[in-house]
Amino acid sequence: MSLTITWKRVLVAVLAAVGLLVPASVADAASFVARLKAPGHHPKAGKRWPIKVSARTSSGKPVRASAYYQFLYGGHVVSMQYPSPGSRPGQCPGGRGCRRSPYPFRGSYRDPTIVWPRRAAGYRLTFRVVVKSKKRGTRKVSYSVRVRR
């Protein structure tokens with residue numbers, strides 16, 4: 001018995017195996033876009049710095065997700081905070097009404113409560129929003145900031 005294998009049969013077998021390993025639904029499930037809109041890269045210390053965070057599919061439909069903030073200096077996380085859009089500006093972290101877990105949302109939310117402290121003035125920092133969706137994965141949106149007095 002002789003085995004004759006042609007390159008066409010090998011190619012068809014490989015393509016069929018790859019097609020079975022990566023179904024189309026997995027590629028669709030992993031796709032969403034997280035965005036951050038902020039009023040500028042030079043916020044003033046002690047003043048409100050309102051932002052908008054959104055999570056949508058590539059076709060524009062809102063995604064259920066949750067978010068939290070990371071503050072980086074020199075590429076290292078120096079603080080992590082949870083959004084509390086319903087609290088008073090400048091009260092979080094630690095004040096009344098502050099969240100102790102990621103903020104759940106669908107599509108987008110606005111957070112007018114971010115106030116940069118005076119001790120952050122002059123440093124090159126990175127404000128990062130980490131957006132997680134149970135079915136679609138995690139996205140990190142980084143925004144460079146230099147706080148001014």
Side-chain angles (χ1 to χ4, degrees), residues 10-149:
V10 171
L11 183 61
V12 169
V14 169
L15 291 176
V18 170
L20 293 174
L21 293 175
V22 183
S25 61
V26 171
D28 293 338
S31 61
F32 85 96
V33 178
R35 290 199 173 121
L36 168 67
K37 288 188 181 180
H41 293 275
H42 300 284
K44 190 167 183 177
K47 301 289 182 183
R48 289 184 185 185
W49 192 64
I51 64 166
K52 181 180 179 183
V53 176
S54 64
R56 301 197 175 274
T57 63
S58 55
S59 63
K61 294 181 182 176
V63 170
R64 281 194 186 278
S66 62
Y68 62 92
Y69 306 144
Q70 291 179 334
F71 298 85
L72 290 84
Y73 175 70
H76 299 283
V77 177
V78 294
S79 179
M80 187 177 85
Q81 297 176 16
Y82 300 111
S84 297
S87 69
R88 291 192 325 222
Q91 289 299 115
C92 293
R96 293 182 89 182
C98 298
R99 293 191 61 84
R100 289 172 171 69
S101 62
Y103 183 73
F105 68 99
R106 183 175 185 267
S108 66
Y109 73 92
R110 294 179 188 275
D111 189 354
T113 64
I114 298 173
V115 176
W116 291 88
R118 290 192 184 275
R119 67 179 179 265
Y123 293 101
R124 292 183 191 272
L125 304 170
T126 301
F127 175 74
R128 179 183 289 165
V129 179
V130 180
V131 181
K132 290 186 174 187
S133 174
K134 285 184 181 177
K135 297 180 180 179
R136 298 177 181 270
T138 302
R139 300 288 183 269
K140 296 178 181 178
V141 183
S142 296
Y143 195 83
S144 63
V145 171
R146 189 165 194 171
V147 181
R148 56 191 171 96
R149 290 196 187 272

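Just so it is clear, the structure is predicted and the values come from calculations on it, not from any experiment. Numbers here simply count residues along the sequence, with the first being 1.
Classification of the F105-Y103 ring pair by plane angle, with boundaries at 30° and 60°, yields parallel. Relative ring orientation between Y69 and F127 is described as tilted, the plane-to-plane angle lying within the 30° to 60° band.
Closest approach of P117 and A45 over heavy atoms only: O-CB, 3.9 Å. Between V141 and R35, the closest heavy-atom pair is CG2-N, 4.3 Å. Nearest heavy atoms, V147 versus A120: CB-O, 3.7 Å. The minimum heavy-atom distance linking T126 with S142 is given by the pair CG2-CB, 3.8 Å. Closest non-hydrogen pair, A55 versus V131, comes out as CB-CG1, 4.1 Å.
Under a 3.5 Å cut-off, the side chain of H41 and the backbone N or O of S144 do form a donor-acceptor pair. Between the R110 side chain and the K52 main chain, no donor and acceptor come within less than 3.5 Å of each other. Judged by distance alone, with hydrogens and angles left aside, the side-chain atoms of S133 form a donor-acceptor pair with the main-chain N or O of R64 at under 3.5 Å. Using modelled atom types, one side-chain atom of W49 and one backbone atom of G40 make a donor-acceptor pair closer than 3.5 Å.
Side-chain rings of F71 and W116 approach one another, their centers coming within less than 6.0 Å.
Summarising the local packing, CZ of R146 is surrounded by more than 12 heavy atoms from other residues, nucleotides or ligands at distances under 6.0 Å.
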Please assess L125 against L72 for the test side chain to side chain contact (heavy atoms under 4.5 Å, CB included), listing each intermediate value before the final yes or no. CA-CA 6 Å; L125 304 170; L72 290 84; over 6 Å; no

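Remark: of the listed residues Q81, H76, R128, R128 is the sole one forming a side chain to side chain donor-acceptor pair (under 3.5 Å) with Q70.
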